[in-house]
Each structure stands twice: as structure tokens, then as C-alpha cells.
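Per chain, numbering begins at 1; letters A, B, ... match sequence-line order. These numbers were taken from a predicted model, which means no experiment stands behind them.
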Amino acid sequence: MYNTEHKRYFSHELLDWYDRNKRDLPWRRHRDPYYIWVSEIMLQQTRVDTVIPYFQRFIERFPTIEALADAPEDEVLKCWEGLGYYSRARNLQQAARQVKEQYGGMMPSGKDEVAGLKGVGPYTAGAIRSIAFNIPAPAVDGNVMRVLSRYFLIEEDIMKVRTRTHMEELVMTLIPEGRASDFSQALMELGALVCTPKSPKCLTCPVMHHCAARFEGKEEQLPIKTKAKPPRPEYRLTAIVEGSGQHQGKILVRRRPATGLLAGMWELPHVTVSADGSANLASLPEEAAMERLTGALREEGIPATAASYFMDAEHVFSHIRWHMRVYRCQYQELPSAEAWVAETAAAYEAPEAQYQWIDAQDMERYAFPNVFIRILGAYFAS
DNA sequence: TACACGTGGAG
DNA sequence: TCTCCAAGTGT
């Protein structure tokens, strides 16, 4: 289908360029499959510069597959705090336990074994097998699809699965004998450093002379990609519940459910104003907002009253945009019959407790999504 | 197939 | 400020 000479040229020039230009990255200093694995999971939808410090901390804390398998999940989440897509961390640890139990702690290299690990999809399986084991396997990510769609002028929507499988077949015909590891990394390295999404640096590209998109003047139009939908707005009233008595100087946080958005992470109590986005915070009078929040807290079993406005915060996820209005709330220390269950020592000394009173120091022990770190930081600094 | 799932950097 | 992302996977 594609000219064999152009393929040979592409692979040869690309490897030659990679040998001279590859970056010195922490996970490239060893061929330890565990390091490669961790780095690949962290790099999913995440920039290299962001990943580097997380990778180093993670490996230091969990140096081996077994160490990761044996760690408490909360510690793994805490180590992932701020990186996003937290199910990656939970899946990674689950998979580490799989490897410990099924493969004696030794990372497998077989296609079905690697692909069978939780959190390892077609891309990551190919990346681990090629990079760590030098097995000819396709590691087709966004970089690779961009590079190939340009060089070979492939005008297929890269959001479609069919396009990726097509690219995987193409990659298999490109891997030079014995160079699977370098070739996978070279392809992605070119996409990251030269064949970039915007303003590709064609003049420094090692394969520019036979790039079909460049020849047609289409390098800026490729790859073809359907646009993502903008995030839907959600309006949330958020509570900083200030403790009194034995909880003086502390505030109340709760743990999110084990599934879904920010699963297992800690947060400030908050309530959605309107699920359908029909109302927003601006249209909600201050008095009404505070009453609403107070009511929601009580329904949750938290005897607290919204007392004063603290700050606004906005947080954008891939699919949701949170508009938050934060209020200081006063907790009622009422040892009555209707006192909140968590007020009993048994309820929140327990490891599974849904709620905790914390101060600035205690933040080190719980994993918070970024938006709450910002709010808590502002509060404890005030 | 389409959507859920985070975050911060770049232009 | 806004838009587009960046080494994808699970359901």
C-alpha cells in the first residue's frame, strides 16, 4: 500500500534521529519493566514535565511491583494526588496485585498476559512489550497517529478505533529488526518534539523529504480529529464546616464514593444547586444559597449552619465545569438525640469513616482533588 | 460507539 | 479568557 522504500527510509532516519536526540527521562535510565509500566500509566493523557516528579516519588515510595501490591490503597492515591484520572492509580495497584499473585511478582511479556492487566489497554500493552521487552508490538498513541497520518497522508479520523488498528498494522511493517524498543520511543519522541500538533517543526524533521502531508501542504490539517464536546456547567455550594470544642481549629472533610468521579478522594462537603444547569449561582441570592447549603448539610446528618461567604472557585474537568461558591459554616456541638452519628467516637475513629476533622497538617494524610487543595490552602492561609 | 474520567501548559 | 490539548482505558 505505502511505498516500501519510503517506509525503509522513514524507519532508518527516525531511529538515527532518535539515537542523537532522545531526551534523558527517568524511566529511560533502566529497562525495568515495572518502571516502564508505571511511566506509561502516568503518561496517559498527561505531559512528560508533569509526570517526572510524580514518577520519581512513586518509584521511591513503591520501588517494586510487590511493594506497590502490598501498600494501602490510600497511600497510592496520596502519591497520585494532583495527577488526575485517579482510577489509573487504583487500577495500577490492582494490576500489581494481579502480577504478584499470578506471575510471582514478575512482569509478564506475553500479549494476552500484559493486555489482561487492569488499566492496560492496546496502547500500553504495546508500549510495555516493545519498550521493556524489545518485542515487535505496536504502541500507537496520539503522537504516533499524528506522525503517521502526516507522513503517510492518512486522512482518517483518529478518534475511530478502526483508524488505530489500521495504524497498528502499519507500525508492525515499520519496526526494524531488533529495534522494537527504540522504534516505539522514537516514534513518540518525534511526535512530542518535532511533529507537534501545532506549528510542526518540519525544517528539523529527519523524514521531511518524504513526508506526504508536507508535500501536499497539509501538515497543519492532519490528523483528522472530531472535536470534543465542551464541559457542561455545574453549580455547587461548598461548605467549610468549622469545628468547635474538641474540634476547634479543624474543619470537616468527607470521602467520595469508591466509584465514579474522583473515586475514593477526600473533599469538602458540597451540594449541587441544579443538576440540569438551569439555575446558576449568580441568580441565587446569598440568603437562599446559605439556607440551601444548611439544609443540605443537615440532610446529610451534619448539624451545621452556613454563616458567611468565603470564596468562589472554578474547576474544569474533561466533561464538567464546576462553579463553586464556598461558605464558612458553624458546627453545632449539640449532644442531643439527633446528634450526628459521626459525633460518636466509634464512627470516626474507624478506618472506614466517611468523615474526618482535619487541620492544615492533616492534609498530608488524605488525598484531595486539586480544587479542594486550592480552597483548603486559601482557608488555612487566611 | 460514545461518554466518563483530571489537570496544567501553550498559543 | 478561551480552546485545545497530552504517551488512553473502562464501561
Side-chain angles (χ1 to χ4, degrees), chain A residues 22-23 25-28 35-55 77 80-92 94-95 114-128 130-132 138-148 157-164 167-168 171 183-193 195-200 220 223 225-234 256-265 267 314-322 367-374:
Chain A
K22 65 181 169 191
R23 288 170 291 180
L25 302 173
W27 45 91
R28 283 187 179 157
Y35 289 15
I36 306 298
W37 180 21
V38 171
S39 73
E40 288 303 337
I41 299 298
M42 286 189 170
L43 286 163
Q44 289 170 7
Q45 304 289 288
T46 311
R47 286 184 159 71
V48 166
D49 289 343
T50 303
V51 166
I52 289 174
Y54 280 91
F55 175 82
L77 264 187
W80 211 272
E81 181 185 77
L83 243 198
Y85 287 136
Y86 299 100
S87 64
R88 290 183 298 175
R90 300 150 62 84
N91 290 338
L92 178 60
Q94 209 176 310
V114 175
L117 297 172
K118 194 85 171 158
V120 175
Y123 161 73
T124 306
I128 291 171
S130 62
I131 297 173
V140 176
D141 70 344
N143 280 317
V144 174
M145 289 198 280
R146 185 171 58 254
V147 170
L148 296 180
D157 186 346
I158 62 168
M159 298 303 277
K160 294 191 191 301
V161 174
R162 182 73 192 88
T163 305
R164 198 201 69 235
M167 302 253 186
E168 286 174 346
V171 165
F183 187 75
S184 277
Q185 297 178 79
L187 216 36
M188 292 188 278
E189 196 82 336
L190 188 74
L193 300 181
C195 197
T196 47
K198 292 171 184 171
S199 313
E220 297 268 14
K225 188 178 183 181
T226 54
K227 289 195 199 312
K229 289 194 334 190
R232 65 175 184 275
E234 284 187 5
R256 295 182 61 86
T259 58
L261 183 67
L262 304 169
M265 305 285 285
E267 66 178 6
E314 185 168 293
H315 191 66
V316 185
F317 302 94
S318 319
H319 55 309
I320 310 170
R321 179 185 291 262
W322 276 1
F368 291 94
N370 195 271
V371 58
F372 294 106
I373 291 178
R374 287 204 306 273

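- Within the nucleic acid shown, Leu25(A) comes within 4.0 Å of at least one base atom, counting heavy atoms only.
- For the pair Val120(A) and Val144(A), nearest-nucleotide mapping onto DNA chain C gives the more 5' position to Val144(A).
- Heavy atoms of Arg146(A) sit under 4.0 angstrom from primed sugar atoms or phosphate atoms, though from no base atom.
- Within 4.0 Å of Arg256(A), counting heavy atoms only, lies no atom of the nucleic acid at all.
- Distance alone, capped at 3.5 Å, is enough to place a donor-acceptor pair between the Arg88(A) side chain and the Gln44(A) backbone.
- The residue Pro230(A) sits apart from the nucleic acid: no heavy atom pair falls under 4.0 Å.
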- Message: Evaluate Val38(A) against Trp27(A) for side chain to side chain contact (heavy atoms under 4.5 Å, CB included), listing each step before the verdict.
- Response: CA-CA 9 Å; Val38(A) 171; Trp27(A) 45 91; over 6 Å; no
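- Lys160(A) comes within 4.0 angstrom of nothing in the nucleic acid, heavy atoms only.
- Looking only at distances, no side-chain donor or acceptor of Arg164(A) sits under 3.5 Å from a matching main-chain atom of Val140(A).
- Looking only at distances, a side-chain donor or acceptor of Thr163(A) sits under 3.5 Å from a matching main-chain atom of Asp157(A).
- If you take CG of Leu117(A) and C1' of dG8(C), they are 15 Å apart, rounded to a whole angstrom.
- Rounded to a whole Å, the CE atom of Met159(A) is 12 Å from the P atom of dT1(B).
- Nucleic acid contact for Ser199(A): none, since no nucleic acid atom lies under 4.0 Å from a heavy atom of the residue.
- As judged by a 4.0 angstrom heavy-atom cut-off over every strand, Val51(A) is placed among residues making no nucleic acid contact.
- At least one side-chain heavy atom of Val120(A) sits under 4.5 Å from a side-chain heavy atom of Trp37(A).
- Of the two residues contacting DNA chain C, namely Glu189(A) and Lys227(A), the nearest-nucleotide position lying further toward the 5' end is that of Lys227(A).
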- Protein-proximity profile, nucleotides 4-11 of chain B, B/S/- by nucleotide at the 4.0 Å heavy-atom cutoff, equals SBBBBB--
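- For Tyr54(A), the ring pair (Phe, Tyr, Trp, His ring centres under 6.0 Å) test picks out no residue, with sequence neighbours left out.
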